[in-house]
Amino acid sequence: MLLWAIAAGGGPHTITAELLLTAVLDMVLALRVSPKAVRLVAAVGAFTMAAWGVLAAGQLSLDATGPGAAARAAALFALAAAGAFGATWLASDVRLRTGTAAAGGLFVVVAVGGMLRATLPADWTVPGYLACGIALLALVRGRLPEPVRHGFGWASAAVQASAVLWALPVTTVTLFGPLAWLTRVWSGTPADARDAVTTDAFWPAHTAATPLVLAAVAAVLISTLRTTEWRPRALTAALTLTWATALTIPTALQLPYSVALLIQGLTIIALLALAHRTATLLALATSLSLAAVSLATEPATLAVLASLTAVFALATWRGRLAPASAAASLAYATALACATGAALDWQPEHSALLVLAVPVAAALLAARIGDPSTTLAVEITGAVAAVTAISLSALDLPMFALVLALCGVIAAGTAVRPERRPVGYLAAALFVLAMWVRLSVWNVGSPEAYTLPVTVPALLVGALRRRRDPNVSSWTAYGPGLAATLVPSLLTAWSDAHWTRPLLLGTAALAVTLLGARHRLQAPLALGGGTLVLDALHELAPYLAQVVGALPRWAPPALAGILLLSLGATYEQRIRDARRVREVLGRMN
């Protein structure tokens with residue numbers, strides 16, 4: 001039949017009709033004859049011919065430039081649909097009947113939608129097909145057999161899913177396109193909403209009806225899926241589609257830039273008012289897109305960031321969604337502080353002082369919030385804001401020291417709360433670092449100026465800990481504090497040509513050693529004694545070198561031999577002395 005149609009000079013429509021007619025005949029054979037081998041061959045032929053015929057009919061429908069050509073292509077799809085419905089009538093397997101009914105429904109949608117495409121503007125092509133797909137749902141509620149109704153339902157779902165996928169590029173460009181403004185901050189007002197999101201992106205053609213498509217599918221989900229099992233998922237999908245509708249309206253319709261900002265802001269407020277997890281996530285995503293697109297102009301940036309700070313702050317009263325809302329509010333407050341400093345032409349290090357208002361507010365709020373998760377979210381966001389302030393001030397050392405000290409004050413205030421006592425260590429570290437930066441600004445090069453302010457508090461803390469718990473090791477209580485000063489000072493003294501530092505270091509080491517021996521503490525005795533010995537060797541080294549140089553060459557080996565002989569003669573006594581020293585040190589704390 002195929003060769004006959006070609007030999008007779010048949011055109012594309014004739015050959016396609018022959019393919020579909022052959023597929024119908026093969027389908028009848030596959031469903032009516034008894035021999036299994038014949039059914040198998042007929043089924044393969046039916047599916048093969050049907051696939052080629054449907055593809056050819058689809059190409060003819062897409063190439064149709066007028067109502068007549070579209071009608072001829074629709075007739076081909078009508079033939080394919082008749083074959084599919086015939087298979088539904090003849091088949092006995094439920095799954096096969098459902099599949100063929102779904103295929104027939106799709107063929108009807110493509111046939112009618114193709115005729116609509118030929119008569120409507122290009123922007124309404126997808127809405128036309130979608131309308132036909134939604135119309136199938138009217139048959140789902142009819143008196144047709146259940147497999148047929150299920151097939152029509154799947155066909156309608158496939159059409160709607162295809163329409164949503166068609167709208168996905170527009171939604172993606174609208175949501176992520178504004179990120180290009182991060183490299184063009186305050187460069188000028190865009191011509192319209194579409195221009196604001198296509199700075200570095202391509203806008204798909206013939207997509208003006210995208211919001212209508214998304215809204216129609218959302219309405220269908222709400223009205224049709226009413227079963228208990230699928231209802232929550234349908235509502236979530238409908239919410240997402242409704243959000244996408246509101247998001248794409250300004251860009252699809254090319255509304256003014258200010259109107260687009262207003263619509264996105266109202267969308268965020270509506271989503272937060274729902275107090276739903278999915279709605280909150282969508283609100284956060286929309287707020288990021290809105291904040292990015294507002295970077296086009298300075299007034300828009302300040303207004304949007306201030307509004308987002310206030311809106312998310314109000315949303316923190318909505319129960320279980322408070323952690324995300326509180327964190328978002330503080331994050332946008334940080335961005336607002338940075339933008340305000342830039343608008344006032346402040347240097348980054350001066351804007352850092354403005355940013356510090358956010359961790360201060362976070363510390364105050366965290367002390368009053370009862371929900372642990374919200375408290376943690378607020379504290380983490382405040383910490384990030386503090387790090388941002390430190391980063392902004394890092395290039396100006398005096399301001400860097402001030403910011404570090406202020407962050408230390410905030411951390412110390414947080415450590416007042418009983419459950420946040422460990423933050424006190426962070427506060428101490430910040431204070432020490434601030435002092436070190438300030439000493440560096442003053443060109444102070446002596447290491448003791450840096451180490452003593454660490455040693456003194458560390459020793460006081462160690463003394464207080466040992467008073468509370470006398471079993472605490474002296475290495476734990478006093479080791480870090482003593483090592484913080486003795487080790488750097490000893491290293492400096494070995495390279496110091498003057499006598500002042502070695503003398504003072506030796507005196508301090510002697511005092512530490514005596515205190516360790518007096519109170520039977522290992523750490524002061526070992527650290528002080530070791531420092532004293534090394535310091536003394538450093539000071540006596542020149543004189544020992546002179547003495548060695550003045551002696552005959554045979555004298556040092558002779559003295560070494562005498563020393564070895566004396567040690568060998570008193571070996572057992574030296575061993576007993578070493579054990580006694582070890583036992584004494586072992587009994588010390």
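- Applying the ring-ring contact (aromatic ring centres under 6.0 Å, His included) test to pairs two or more places apart or on separate chains, none has a residue in residues 190-214.
- Here the CG-CG distance, from Leu116 to Leu130, works out to 11.5 Å after rounding to the nearest 0.5 Å.
- In this structure, Cys132 SG and Leu106 CG are separated by 11.5 Å, a value rounded to the nearest 0.5 Å.
- Side-chain atoms of Ser289 and Gln264, non-hydrogen and from C-beta on, do get closer than 4.5 Å to each other.
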With a 3.5 Å cut-off and sequence neighbours excluded, list the donor-acceptor pairs that the side chains of residues 292-300 form with protein atoms.
residue : atom : partner : partner atom : Å
Ser294  : OG   : Leu290  : O            : 3.4
Ser294  : OG   : Ala291  : O            : 2.7
Thr297  : OG1  : Ala300  : N            : 3.4

Could you go through residues 47-62 and list every donor-acceptor pair under 3.5 Å that involves a side-chain atom there, pairing it with any protein atom two or more places apart or in another chain?
residue : atom : partner : partner atom : Å
Thr48   : OG1  : Val44   : O            : 2.7
Gln59   : NE2  : Asp63   : OD1          : 3.1
Gln59   : NE2  : Asp63   : OD2          : 3.1

Acceptor/donor pairs from residues 157-166 side chains to any protein atom, 3.5 angstrom cut, sequence neighbours excluded:
residue : atom : partner : partner atom : Å
Gln160  : NE2  : Ser156  : O            : 3.4
Gln160  : NE2  : Ser156  : OG           : 3.0
Ser162  : OG   : Ala158  : O            : 2.9

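- A ring-ring contact (aromatic ring centres under 6.0 Å, His included) check over residues 86-111, counting only residues at least two apart or in different chains, returns nothing.
- Residues in residues 174-195 take part in these side chain to side chain donor-acceptor pair (under 3.5 Å) pairs, two or more places apart or across chains: Thr174-Thr251, Arg184-Asp200, Trp186-Thr301.
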(message) Is there a side-chain contact (heavy atoms from CB on, under 4.5 Å) between Phe152 and Leu144? Walk through the geometry before answering.
(response) CA-CA 10 Å; Phe152 284 166; Leu144 298 173; 3.6 Å; yes
(request) Give the C-alpha distance, both sets of side-chain angles, the deciding distance and a yes or no for side-chain contact (heavy atoms from CB on, under 4.5 Å) between Phe85 and Val108. (result) CA-CA 11 Å; Phe85 291 144; Val108 171; 4.1 Å; yes
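- Contact of the Leu284 side chain with the Phe312 side chain is registered, since non-hydrogen atoms from C-beta on lie closer than 4.5 Å.
- Taking the side chain as every heavy atom from C-beta outward, Pro323 and Asp371 approach each other to under 4.5 Å.
- Minimum interatomic distance between Ala209 and Asp123 (heavy atoms only, all atoms of both residues): CB-O, 3.6 Å.
- Nearest heavy atoms, Arg420 versus Thr414: CB-O, 3.4 Å.
- Ala101 and Thr88 get closest at one heavy-atom pair: N-OG1, 3.2 Å.
- Checked against side chain to side chain contact (heavy atoms under 4.5 Å, CB included), Leu253 has the following partners two or more places apart in sequence or in another chain: Ile249, Leu255.
- Contact record, Ile410 with Ala363: CG2-CB, 4.0 Å, taken as the closest heavy-atom pair.
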(request) Check the pair Leu2, Thr22 against side-chain contact (heavy atoms from CB on, under 4.5 Å), reporting the backbone distance first and the verdict last. (result) CA-CA 9 Å; Leu2 176 61; Thr22 303; over 6 Å; no
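- Between Trp124 and Leu212 there is a side-chain heavy-atom pair separated by less than 4.5 Å.
- For the atom pair CG (Leu365) and CD (Glu379), the distance works out to 10.5 Å, reported to the nearest 0.5 Å.
- Taking CG of Leu282 as the reference point, atom CG of Leu175 lies at 9.5 Å (rounded to 0.5 Å).
- Nearest heavy-atom pair, Ala366 versus Arg417, reported as atom, atom and distance to 0.1 Å: CB-NH1, 3.6 Å.
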Identify each donor-acceptor pair in which a side-chain atom of residues 381-390 lies under 3.5 Å from a protein atom, sequence neighbours left out, and give them as a table.
residue : atom : partner : partner atom : Å
Thr381  : OG1  : Ala377  : O            : 2.7
Thr388  : OG1  : Val384  : O            : 2.9

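- Closest approach of Ala260 to Pro250, counting heavy atoms only: CB-CB, 3.6 Å.
- For Val38, the side chain to side chain contact (heavy atoms under 4.5 Å, CB included) criterion is met by Val33, Pro35, not counting sequence neighbours.
- For the pair Glu146 and Arg97, the salt-bridge criterion is not met [side-chain N within less than 4.0 Å of a carboxylate O].
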Would you be so kind as to tabulate the donor-acceptor pairs closer than 3.5 Å made by side chains of residues 329-341, with sequence neighbours excluded?
residue : atom : partner : partner atom : Å
Ser329  : OG   : Thr309  : O            : 2.9
Tyr332  : OH   : Ser287  : O            : 3.4
Tyr332  : OH   : Ser287  : OG           : 2.6
Tyr332  : OH   : Leu288  : N            : 3.3
Thr334  : OG1  : Leu330  : O            : 2.9
Thr340  : OG1  : Leu336  : O            : 2.7

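- Rounding to the nearest 0.5 angstrom, the gap separating the CZ atom in Arg233 from the CG atom in Leu221 is 13.0 Å.
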(message) What verdict does the side-chain contact (heavy atoms from CB on, under 4.5 Å) test give for Leu120 and Thr125, after you've listed the backbone C-alpha separation in whole Å, the side-chain angles of each residue and the deciding distance to 0.1 Å?
(response) CA-CA 7 Å; Leu120 296 175; Thr125 297; over 6 Å; no
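- The CG atom of Leu214 sits 9.5 Å away from atom CG of Leu168, with the distance rounded to the nearest 0.5 Å.
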Which donor-acceptor pairs under 3.5 Å do side chains of residues 267-278 form with protein atoms, sequence neighbours excluded?
residue : atom : partner : partner atom : Å
Thr267  : OG1  : Ile263  : O            : 2.8
His276  : ND1  : Thr278  : N            : 3.1

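- Residue pairs meeting the side chain to side chain donor-acceptor pair (under 3.5 Å) criterion with at least one partner in residues 4-17, sequence neighbours excluded, are absent.
- Side chains of Glu18 and Leu3 form no contact here, defined as non-hydrogen atoms less than 4.5 Å apart.
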